[in-house]
Amino acid sequence: MIKILQFGEGNFLRAFAEDYINKANEKDIINSEVTICQPRKNTRIINLLNEQNCEYNVYKRGRLHGEVIDETVNIKCVKRCIDTVGQYELLKNEFNATDIVISNTTEAGIVFDENDKICNSPDVSFPAKITALMYGRYRINNKPILFLPVELIENNANELKKCILKYAQLWSLEEDFVRYVDSCSFCNNLVDRIVSGHNDADSDKCSVNCEPYASWIIEADDLCKQIFPLSSLEGIEFAKDVTPYRTRKVRILNGAHTMSVLAAHLCGFSIVRDMMQDELFCAYITKGLEEVKSTLPLDKTELDSYAASVLDRFNNPFIDHRLLDIALNSVSKFKARCLDTILDYTKINCEAPNILCFGLAALIEFYLNSGVANDSSEVIDFFTSLKGQSNEVIVNNVIKYYNIDSQIIYNKVLEHYNRITDKGILSAVREAVYE
């Protein structure tokens, strides 16, 4: 029996990790059980789970491989829930017996706080709590643990281990404990699934709605491959480095959103699905994704498959994903999601990417004239200062704002922005797609 201790009772893990573990149990890939504890003091969800004998439903609704999926999965792999604070002694016993620790404590969860003291556990940060629990285990059972933190930060497992080692030093723990920490497996990983949450009208108080698509990329070492051999399940992949996959997700999934939603809003669309069902915008996004894929050092078949899954996800008939929700803070999003693609494409091809540069031109128009741009006061003030200037001055200032030093990119963005202001956004999109 593989024992899994999960720090995180939220919708995402219960619709993601438990779904995979449940399926692996059913297929006899592993024989495992999950214990859930909440990272913080709020016990509402674990109390509800305990009232239902830790069983609940996951509703998978959306498109996958071009087909509409509407599936209900009954999760049975969770055996118990423990109150991290009120049942700390029970938690310590559970930790001493566990094989795998999975966590999702949000991006702010894996942080080092020099004010944490081992004697204050469990009322300390998550990494400090783990350090205290590991120290207790080390003293009675030095069997290595596999850590799979899914917090959405780069090198999530490495960062957790760094924090643990800092606490070991801060608390003057013996060198043998440090060696024990080094013997454990900390596997960086990248997760992806849209989880839309709980339907309050459902009599199942712990049910979760999500899309059918899921991806779990794990930098699996020998221990991971031995006790968590789930790579045969669709969506799980063991990789030497998750970095290319993170880049793939940011540039393809997030980048496709950012390069399209502002133009789509300006053309009168309100939700992603309506944008995707428009022939012109579907062609716009498809061509934009071809530009993105050409900059990524991954297998073409794999990239094509991932891009196709993104288009399926955008066309989900069960989720009304508002364009203006995605448009929040688009200036910084464009930098994080699209800028490197533009620069790489230009360097590789000695020409600027057509659709991605149109996306930047549409961003300028959105921030100057839509009246609904939602961003920091600094960004809003910057675009306000550009109003009334010539197109050349406006585009030049935006290019400089992004620290782009390329006449080729400037010329392409200006070309598109001139079309937007001269002919209107819809005609400009059509010319960008079919020129």
Side-chain angles (χ1 to χ4, degrees), residues 63 66 251-296 300 303-316 321-324 326-327 330 333-334 337-346 348-370 391 394-395 398-399 404 406 408-435:
R63 298 179 67 90
R251 293 196 183 189
I252 292 181
L253 174 65
N254 305 120
H257 267 153
T258 299
M259 71 181 174
S260 62
V261 298
L262 303 182
H265 171 81
L266 292 170
C267 287
F269 295 101
S270 298
I271 61 175
V272 172
R273 182 176 61 253
D274 289 347
M275 173 184 73
M276 290 302 304
Q277 292 178 352
D278 178 80
E279 181 180 351
L280 176 62
F281 266 91
C282 188
Y284 173 95
I285 292 174
T286 300
K287 288 195 171 187
L289 287 177
E290 289 301 317
E291 295 174 355
V292 175
K293 288 188 291 183
S294 71
T295 69
L296 295 172
K300 184 180 185 303
L303 288 172
D304 289 344
S305 175
Y306 183 76
S309 74
V310 166
L311 296 179
D312 271 347
R313 298 168 75 185
F314 285 5
N315 208 13
N316 191 329
H321 203 168
R322 296 178 66 248
L323 299 180
L324 288 181
I326 302 170
S330 280
K333 285 178 179 176
F334 196 91
R337 301 172 174 185
C338 299
L339 182 57
D340 285 342
T341 307
I342 291 176
L343 297 174
D344 287 350
Y345 184 99
T346 304
I348 293 168
N349 299 284
C350 298
E351 64 178 13
N354 188 48
I355 299 299
L356 283 159
C357 285
F358 187 93
L360 183 52
L363 179 147
I364 296 171
E365 178 66 8
F366 179 84
Y367 272 79
L368 282 179
N369 297 311
S370 73
N391 287 0
I394 291 170
V395 172
V398 172
I399 290 292
I404 298 173
S406 169
I408 297 174
I409 296 172
Y410 166 81
N411 290 342
K412 180 59 71 172
V413 176
L414 179 61
E415 173 189 335
H416 287 311
Y417 190 60
N418 282 336
R419 288 177 179 172
I420 291 172
T421 57
D422 293 345
K423 302 179 181 180
I425 184 69
L426 188 58
S427 293
V429 172
R430 189 173 291 111
E431 288 192 30
V433 171
Y434 295 116
E435 66 177 8

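In this text the structure is predicted, and so the values were computed from the model without any measurement.
What you find for S330 and A327 is that their closest heavy atoms are OG-O, 2.6 Å. I348 approaches T295 most closely through the heavy-atom pair CD1-CA, 4.2 Å. The two residues N418 and T421 come nearest to each other via the heavy atoms O-OG1, 3.1 Å. Here the closest heavy-atom approach between residue F314 and residue M276 is recorded as CB-CG, 3.5 Å. The shortest heavy-atom contact between K333 and I326 is NZ-O, 2.8 Å. Pairing each heavy atom of Y434 with each of A283, the nearest pair is OH-CB, 4.1 Å.
Interatomic distance, CE of M275 versus NE2 of H321, reported as 10.0 Å (0.5 Å rounding). Atom CG of D278 and atom CG of L426 lie 8.0 Å apart (nearest 0.5 Å). The distance from the CG atom of L296 to the OG1 atom of T341 is 7.0 Å, given to the nearest 0.5 Å. Note that the CG atom of N411 and the OG atom of S406 stand 8.0 Å from one another [nearest 0.5 Å]. For the atom pair L356 CG and Y345 OH, the distance stands at 9.0 Å (nearest 0.5 Å). For the atom pair OH (Y306) and CG (L289), the distance works out to 10.0 Å, reported to the nearest 0.5 Å.
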Given the rule in the side chain to side chain contact (heavy atoms under 4.5 Å, CB included) test, do L323 and V272 qualify, once you have shown the distances and angles that lead to the verdict? CA-CA 6 Å; L323 299 180; V272 172; 3.8 Å; yes
May I have the step-by-step check of side chain to side chain contact (heavy atoms under 4.5 Å, CB included) for T346 and K412, ending in yes or no? CA-CA 11 Å; T346 304; K412 180 59 71 172; over 6 Å; no
Given L368 and Y417, is the side chain to side chain contact (heavy atoms under 4.5 Å, CB included) satisfied, shown in steps? CA-CA 12 Å; L368 282 179; Y417 190 60; 3.3 Å; yes
Step-by-step side chain to side chain contact (heavy atoms under 4.5 Å, CB included) determination, L303 to I252: CA-CA 9 Å; L303 288 172; I252 292 181; 4.1 Å; yes
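With contacts defined as side-chain heavy-atom distances shorter than 4.5 Å, the pair F358/N354 does not qualify. Between I399 and L414, the closest side-chain pair of non-hydrogen atoms is not below 4.5 Å. Side-chain contact between D304 and K300: present, with at least one pair of heavy atoms (C-beta onward) separated by less than 4.5 Å. Taking 4.5 Å as the limit, some side-chain heavy atom of F334 sits within range of a side-chain heavy atom of I342. A heavy-atom distance below 4.5 Å is not found between the side chains of F281 and V433.
Between the side chain of R63 and the backbone N or O of N316 there is no donor-acceptor pair closer than 3.5 Å. Between the N349 side chain and the E351 main chain, no donor and acceptor come within less than 3.5 Å of each other. Listed for the S370 side chain is no donor-acceptor partner under 3.5 Å among the backbone atoms of Y367. Under the 3.5 Å distance criterion, the side-chain polar atoms of N315 are left unmatched by any main-chain donor or acceptor of L311. Between the side chain of S427 and the backbone N or O of G424, no donor-acceptor pair lies under 3.5 Å. In this structure a side-chain-to-backbone donor-acceptor pair under 3.5 Å is present from E291 to I355. Although no hydrogens or angles enter the test, the distance criterion places a donor-acceptor pair under 3.5 Å between the side chain of D312 and the main chain of G66. Proximity of a side-chain donor or acceptor of H416 to a complementary backbone N or O of G359 within less than 3.5 Å is not detected.
Taking the salt bridge (Lys or Arg N to Asp or Glu O under 4.0 Å) definition, one finds that E290 meets it with K293, sequence neighbours left out.
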List the atom pairs, donor and acceptor, that lie under 3.5 Å between side-chain atoms in residues 258-268 and the rest of the protein, sequence neighbours left out.
{"unit_1": "T258", "atom_1": "OG1", "unit_2": "N254", "atom_2": "O", "d": "3.3"}
{"unit_1": "T258", "atom_1": "OG1", "unit_2": "R337", "atom_2": "NH1", "d": "3.0"}
{"unit_1": "S260", "atom_1": "OG", "unit_2": "A256", "atom_2": "O", "d": "2.6"}
{"unit_1": "S260", "atom_1": "OG", "unit_2": "H257", "atom_2": "O", "d": "3.2"}

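Within a 6.0 Å radius of CD in E279, no more than 12 heavy atoms belonging to other residues, nucleotides or ligands are found.
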